[in-house]
Protein chains: 4
Amino acid sequence: MPRLKEEQLQIIYEERKQQIKLAAVKIFARHGLPGTKISMITSEAGVSHGLFYHYFKTKDELFISLVREAVETSIQEIGNLSQLAASPIEKIRILTQSMLDESGVPYFMLLHRARNFEEVPDLVSRLIQNYPIEIYIERLLPIFEEGQQRGEVADGNLTEMIANYLTVISGVMVLGNGYPTPRIDWLMRFVEKK
Amino acid sequence: MPRLKEEQLQIIYEERKQQIKLAAVKIFARHGLPGTKISMITSEAGVSHGLFYHYFKTKDELFISLVREAVETSIQEIGNLSQLAASPIEKIRILTQSMLDESGVPYFMLLHRARNFEEVPDLVSRLIQNYPIEIYIERLLPIFEEGQQRGEVADGNLTEMIANYLTVISGVMVLGNGYPTPRIDWLMRFVEKK
Amino acid sequence: MPRLKEEQLQIIYEERKQQIKLAAVKIFARHGLPGTKISMITSEAGVSHGLFYHYFKTKDELFISLVREAVETSIQEIGNLSQLAASPIEKIRILTQSMLDESGVPYFMLLHRARNFEEVPDLVSRLIQNYPIEIYIERLLPIFEEGQQRGEVADGNLTEMIANYLTVISGVMVLGNGYPTPRIDWLMRFVEKK
Amino acid sequence: MPRLKEEQLQIIYEERKQQIKLAAVKIFARHGLPGTKISMITSEAGVSHGLFYHYFKTKDELFISLVREAVETSIQEIGNLSQLAASPIEKIRILTQSMLDESGVPYFMLLHRARNFEEVPDLVSRLIQNYPIEIYIERLLPIFEEGQQRGEVADGNLTEMIANYLTVISGVMVLGNGYPTPRIDWLMRFVEKK
DNA sequence: CATGAATGAGCGTTCATTCAT
DNA sequence: TATGAATGAACGCTCATTCAT
């Protein structure tokens, strides 16, 4: 059954690739592009450095594709919210949670670096410029609007509120593990109608 | 008068050193420690790369001393606030302004990197751990307390309020030039009694 | 009949081996030993790169054995000429033709590299030194002598004539596809009695 | 006198560059582009491998510029012949000598590799294609014509004669140090009117 | 003090070779 | 036999650092 074997190989291939990618996001988030050595990624992933190049062309190329994925995933996640059978305020809470949960933070940090520092390849800068904060605000607007109509979301200018909300979330992430806060609930106070 | 000449040399020496330091903070802030090449600093400062080593022992040593200065300056600035002949709310506004003004941002970014990323020498990590956010909160507490007593600062738990205030400032800096906000005034709303 | 199956395997084995060898000569001739990657050979041969090592121990070993074969074949071909039922001048023409024909050129190029460039393993250099040009001259001498006696080959010192003949053939090959010449006939003019 | 010092530095710079270039041609000629390691060049030149990159951007770039120089020099040398106060046959002898003399051989080998092997960067292939053998023939034609008119050069079709002459010279170089010939005089026999 | 030539440690990447399947 | 995943030695190149001028 060569058919089955081929498929199996394909699966293993994708698993390995994912394993290296996961290691890479973690390291890139912590050390940045120039601070990340291939050996850090491969030893985190538990493979030899040579294997990296079976799965990825260059360090830059991997970084770029990770940023691209992070951008696209973040946009998509907002899109997915709309599909959810939940009240607007619940959706906002879910979003907040997903941004702050452990697996999401490295991706956020990657985007943070890509957005604010000039340590990245040109392609990344251009990529990021296609997705300014405004796009996120715009996509979130309908959810917040519905929330306001239902009386779940606080009154006031929504564009500004969303901007503030995003700013504050960023602040929380950036201050990082520095000090403990009742994260989610505290953040929701910027949004919820008391 | 060799005396005078020596003094003059001393002055030139200090000016040059400062000039290189200023260039360095700017570049370190943008590119991080591993992303910063000595040649970037020296060309920003307009000197030859060899000259760097007349003023500083190594790249790491300069980075460390810059972080140390940034930490100490930031603590000192809070200390200086107390000396000011101004009302508490004015002091807070002045602090806010100084954190966000153009010359301050690179130092903030340096601290941000030192605090959140592991791309720095061990010595820096240890240095930073000696100055956790709590210290800033603690130092600001008297000013906020006086403000509350005078009715200038909003009611509520002050420790929490200061933490939030710092979080939000960080968020603003991190979101960076991404989108326009009425910075200072907007930030003061988290603090002022309306 | 396991006997038969084994034989068949043997045949397949030899065919595969030959197929890889043919690809290898071609690539070695064009790219030299260090310029030839195993993957070039295997993709030219249409097999996986892993398979290479079923048939050959190392890249060097294959290169060496190919050079050895080329040397031995070239010597043998001259030997075979004697057996041929043809006039001396015909024999020389056949030899010329075989050196310049498409399948022969890569082998010639291999020898050219082995003889003139130091990009080869020591063993190859030593191998080649055992077969200096003089040996070729010496082996061709009887044919040319008979030709001269029969009045087919031009008059003059034969050792020199053969050396010139080989030199010119080499020149033609080296100038390569650069410009068109009536190859065979033009070359024969260095030899034939007009 | 900073003026003088700068000039001196410039001179030293050019000398070092030349020193590395000379080492490089020699090694490239012997080992080809992929067979040449930077360390071979630098140890031949007696400098550290790091220094190479003060003077040249990459190995390929150096190779390309050397081939370009070889091509241009070879064309120029033919041009210079015309300026010489010498009889046509003397000019041809001088040309022959310069092609075969020790310092010229490595450049010839470089061109040989660039012209005949596909182990070179694309730019080199294109460069070489701009200077096919025909150009050399064309440039030599006037000299040979004058020689024929003066009765110094043998009768016959000149284009063909020059082509043969170049072919034979190439053959001599390619057969290399394999066997001894009365080089110059023997080669001139293809050209001189006896 | 100022310059840039020189060195070498270190990292990115390639590729010959091995090996499990 | 045949494949391609896996390893690590080796090489191209960068850049921090030193040093002669």
Side-chain angles (χ1 to χ4, degrees), chain A residues 2 5-6 8-10 12-13 15-17 34-42 46-62, chain B residues 8-10 12-13 15-17 34-42 46-62, chain C residues 8-10 12-13 16-17 34 36-42 46-62, chain D residues 2 5-6 8-10 12-13 15-17 34-42 46-62:
Chain A
K5 207 163 167 199
E6 240 175 64
Q8 209 119 40
L9 276 179
Q10 191 61 23
I12 290 173
Y13 179 90
E15 276 175 2
R16 263 274 188 275
K17 194 163 180 175
T36 296
K37 316 300 167 193
I38 295 292
S39 63
M40 290 177 179
I41 296 176
T42 51
V47 299
S48 73
H49 73 267
L51 195 58
F52 181 91
Y53 294 93
H54 261 296
Y55 295 95
F56 308 99
K57 270 226 292 287
T58 66
K59 187 174 82 160
D60 274 31
E61 192 238 38
L62 172 56
Chain B
Q8 230 151 14
L9 279 180
Q10 190 60 22
I12 289 175
Y13 179 89
E15 276 176 1
R16 270 270 192 274
K17 192 163 179 174
T36 295
K37 317 300 167 195
I38 296 292
S39 63
M40 290 177 177
I41 296 175
T42 51
V47 299
S48 75
H49 75 268
L51 195 58
F52 182 92
Y53 293 91
H54 277 279
Y55 295 97
F56 308 99
K57 268 227 296 290
T58 67
K59 187 173 81 161
D60 275 30
E61 191 236 43
L62 171 57
Chain C
Q8 229 150 13
L9 280 179
Q10 191 60 23
I12 290 175
Y13 179 89
R16 270 272 191 273
K17 193 163 180 173
T36 295
K37 316 302 166 194
I38 296 291
S39 63
M40 291 176 176
I41 296 175
T42 50
V47 299
S48 75
H49 74 268
L51 196 58
F52 181 91
Y53 293 91
H54 277 278
Y55 295 97
F56 308 98
K57 266 226 298 288
T58 67
K59 189 173 82 161
D60 276 30
E61 190 236 44
L62 170 57
Chain D
K5 206 160 166 204
E6 239 176 65
Q8 209 120 38
L9 277 179
Q10 192 58 24
I12 290 172
Y13 179 91
E15 276 175 3
R16 263 274 188 277
K17 195 163 178 174
T36 295
K37 316 302 167 191
I38 295 292
S39 62
M40 291 176 178
I41 296 175
T42 50
V47 298
S48 75
H49 74 268
L51 195 59
F52 181 91
Y53 295 93
H54 260 298
Y55 294 96
F56 308 99
K57 269 226 293 289
T58 66
K59 188 173 83 160
D60 275 31
E61 192 238 40
L62 172 57

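Below, chain A is the first sequence line, B the second, and so on; all start at residue 1.
For the pair A:Q10 CD and F:dG4 C1', the computed distance is 12 Å after rounding to whole Å. Whole-Å rounding puts the D:K37 NZ to F:dA10 C1' distance at 9 Å. Rounded to whole Å, the distance from NZ on A:K59 to P on F:dT14 is 14 Å.
Scanning both residues, A:L51 and A:R16, for their nearest heavy atoms gives CD2-NE, 3.8 Å.
The nearest heavy atom of DNA chain E to C:T58 and to B:Y13 marks one nucleotide each, and the one closer to the 5' end goes with B:Y13. In terms of position along DNA chain E, the nucleotide closest to B:G46 lies nearer the 5' end than the nucleotide closest to the other residue of the pair B:G46 and A:D60.
If you take CZ on B:F52 and OG on B:S39, they are separated by 11.0 Å, rounding to the nearest 0.5 Å.
The main-chain N or O of C:H54 is never found under 3.5 Å from a side-chain atom of C:K57 such that the two would form a donor-acceptor pair.
Across all strands shown, D:T36 has heavy atoms under 4.0 Å from sugar-phosphate atoms exclusively, and none from any base.
Rounded to 10 degrees, the angle separating the terminal axes of the helix from E:dA2-F:dT21 to E:dT21-F:dA2 is 0°, with each axis obtained from five end pairs.
If you walk DNA chain E from 5' to 3' and mark each nucleotide with an atom closer than 4.0 Å to a heavy atom of chain A, the marks span E:dC11 to E:dT14.
Residues A:I38 and A:Y53 have side chains in contact (heavy-atom distance under 4.5 Å, counting atoms from C-beta outward).
Within residues 49-57 of chain B, the residues that place at least one heavy atom under 4.0 Å from DNA chain E are, in residue-number order, B:H49, B:G50, B:L51, B:H54, B:Y55.
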